There are 2 protein chains.
Amino acid sequence: MQNDCKNCVFNTRATSMLSDKSFGQLSENHLELRFSKGDTIIKQGMFSTNVVFLRKGLAKIHLTGPYHEQIVRLVKAPTYLGLPTTFGDKINQYSVTAVTDTDVCYIDVRVFQTILNENREFSNDILIELSKNELESFRRCANRTQKQIRGNMADVLLEFSEKIFQSDSFTLPISQSELANLVDTSRESVNRVLNEFDKDGIIKVNGKQIEILNKKSLNLISQNG
Amino acid sequence: MQNDCKNCVFNTRATSMLSDKSFGQLSENHLELRFSKGDTIIKQGMFSTNVVFLRKGLAKIHLTGPYHEQIVRLVKAPTYLGLPTTFGDKINQYSVTAVTDTDVCYIDVRVFQTILNENREFSNDILIELSKNELESFRRCANRTQKQIRGNMADVLLEFSEKIFQSDSFTLPISQSELANLVDTSRESVNRVLNEFDKDGIIKVNGKQIEILNKKSLNLISQNG
DNA sequence: ATTATTTTGTGATATGCATCACATTTATTA
DNA sequence: TAATAAATGTGATGCATATCACAAAATAAT
């Protein structure tokens, strides 16, 4: 039995403006699924007929680069996944994999398009989301290519702390190899930098458990190198 | 005196679907401008109240990175500029600079939004453009960070040849330092690689004049290293 | 034209980091 | 609980490429 979308906890500002008719369409034409940690939610190269709404959990957007897998970014619910594919060539250009257990809604592209066309607010919000992502991409790419490892590692730790976990102490949601793919470096370097930061008293590392002890230092490292 | 937008040569598939009313609004609320090579069309950090339509010419999208200027990509008319800013926070997150002399239309954001709301085809095309850009960004970023200089230089040369000039011989539209900022390397390395390619008979370099002699080799270098 | 400025060409040196190699610890599975 | 695999820790080495330092052309400015 499907949930009633109108009463979904994860109504965004935009979706809350939808008409009853649109909510009806959504409620009838979506598919709720759960994924376990490590499961593939969206598979690069596959034909896609769905938009995915991530209701709960953490996921990584990643793609096959020329030499190795690249993690573009971690995303946190609630958010849409696969929007660019929906409006692009319908072939997924990237994969999305569950990093924690997740709850997900699959929405058929045609239903999504219909709702989009009927709701100004909604389509505007999608435009905003896509735009923000593009700008974010530019900045992220410039940082990754120009900064060196310590700077990028500092950024990732700050992002985890501020954007994803909203806490100074958290558990790393991905392995050091994955961190390396996110930060464009090698697994060994990730390890070294993490332990350097620990020895310098900037963070406390205990297995996957991280505590940020000196945020000011991290910000400095992020800026300098 | 303003041009009639309906008869604009650079009507895209999407704009050609606009209603007469929308065309009227466009014709009355746009501003045609020319820029000379090197002029700033959009300035990072400035508040923006316009969408820019590049009618003629070549421009570079670039932004201030943590250590130096970064060229995100070269764009060729006809195309929109500044869309992400329009739907984002209205502060330009990047600059756009004329690489050749350009013709440009400034369209007030509010007029643009109105037209967008009234024309399904049009807004859909904008969604598609934004989506393609995002996917393109992912790929580009993965390539730049994973490949090494020869590979990236090969890519840029192929892109110039295929996407921008549609010819095997062309004049480099930017200096070697700018190429370096586009390819994420140093000016010296750009120079060396260019001359290496020349010595290997892959391209012929004569000042800023480039002729691609062996496209197959370039593609191989792009893939391997 | 002459000077000044920017762009290009090229060697020599330095360095950040990938890669390799292997030990150790922590998870997973049988 | 043993066995197997995956993830982590750390030194030693090599290499791609940044940086430095000038020289030479090519452009722009006076």
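Residue numbers start from 1 in every chain, and the chains themselves are labelled A, B, ... in the order their sequence lines are given, proteins ahead of strands. Worth saying up front: this structure is predicted, and the values here are computed from it rather than measured.
- For dT8(C), the OP1/OP2 oxygens have a side-chain nitrogen or oxygen of K208(B) closer than 4.0 Å.
- Under 4.0 angstrom from either OP1 or OP2 of dT10(D) there lies at least one side-chain N or O belonging to N195(A).
- Regarding contacts with the backbone of dA18(D), a side-chain N or O of T185(B) is found under 4.0 angstrom from either OP1 or OP2.
- Across the helix from dA1(C)-dT30(D) to dA27(C)-dT4(D), the helix axis at one end is tilted relative to the axis at the other end by 50° (nearest 10 degrees, each axis from five pairs).
- Rounded to an integer number of Å, the gap from CG of L179(A) to C1' of dG9(D) is 15 Å.
- Between H62(A) and T97(A), the closest side-chain pair of non-hydrogen atoms falls below 4.5 Å.
- No more than 12 heavy-atom neighbours from other residues, nucleotides or ligands sit within 6.0 angstrom of NZ on K37(B).
- Distance alone, capped at 3.5 Å, places no donor-acceptor pair between the T40(A) side chain and the I42(A) backbone.
- The CG-C1' distance, from N191(B) to dA23(D), rounds to 13 Å in whole Å.
- The interatomic distance linking R144(A) (CZ) with dC17(C) (P) rounds to 14 Å, in whole Å.
- Looking at Q146(A), its side chain does come within 3.5 Å of a backbone N or O of H68(B) through a donor-acceptor pair.
- For K43(B), the NZ atom counts as loosely surrounded, since its 6.0 Å shell holds 12 or fewer non-hydrogen atoms of other residues, nucleotides or ligands.
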Extract all donor-acceptor atom pairs below 3.5 Å that involve side chains of residues 151-160 of chain A and protein atoms in other chains or at least two apart in sequence.
from: N152(A); atom 1: ND2; to: R144(A); atom 2: O; distance (Å): 3.4
from: D155(A); atom 1: OD1; to: K147(A); atom 2: NZ; distance (Å): 3.4
from: D155(A); atom 1: OD1; to: S222(A); atom 2: OG; distance (Å): 2.6
from: D155(A); atom 1: OD2; to: K147(A); atom 2: NZ; distance (Å): 2.7

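- dT10(D) atom C1' lies 15 Å from atom CG of D198(A), rounded to whole Å.
- Each of dT17(D), dT10(C), dG9(C) was ranked by its minimum atom distance to the side chain of K199(B); first place goes to dT10(C).
- Straight-line distance from the CD atom of E178(B) to the P atom of dT6(C): 14 Å, rounded to whole Å.
- Taking atom CD1 of residue I149(B) and atom P of nucleotide dG16(C), one finds them 17 Å apart after rounding to whole Å.
- Residue S186(B) is in base contact, counting any heavy-atom pair closer than 4.0 Å across all strands shown.
- One interatomic measurement links the two molecules: CZ of R150(A) to P of dT15(C), which rounds to 16 Å at whole-angstrom precision.
- OP1 or OP2 of dT15(C) has not a single side-chain nitrogen or oxygen of Q148(A) nearer than 4.0 Å.
- For the ring-ring contact (aromatic ring centres under 6.0 Å, His included) test, no residue two or more places apart in sequence or in another chain qualifies with F197(A).
- The base of dC17(C) has none of its N or O atoms less than 3.5 Å from a complementary donor or acceptor on the side chain of E188(A).
- Between S189(B) and dA18(D) there is a side-chain polar atom (N or O) within less than 4.0 angstrom of OP1 or OP2.
- Candidate nucleotides dT10(C), dT8(D), dC17(C) were compared by shortest atom distance to the side chain of R192(B), and dT10(C) ranks first.
- One interatomic measurement links the two molecules: CZ of R187(A) to C1' of dT25(C), which rounds to 12 Å at whole-angstrom precision.
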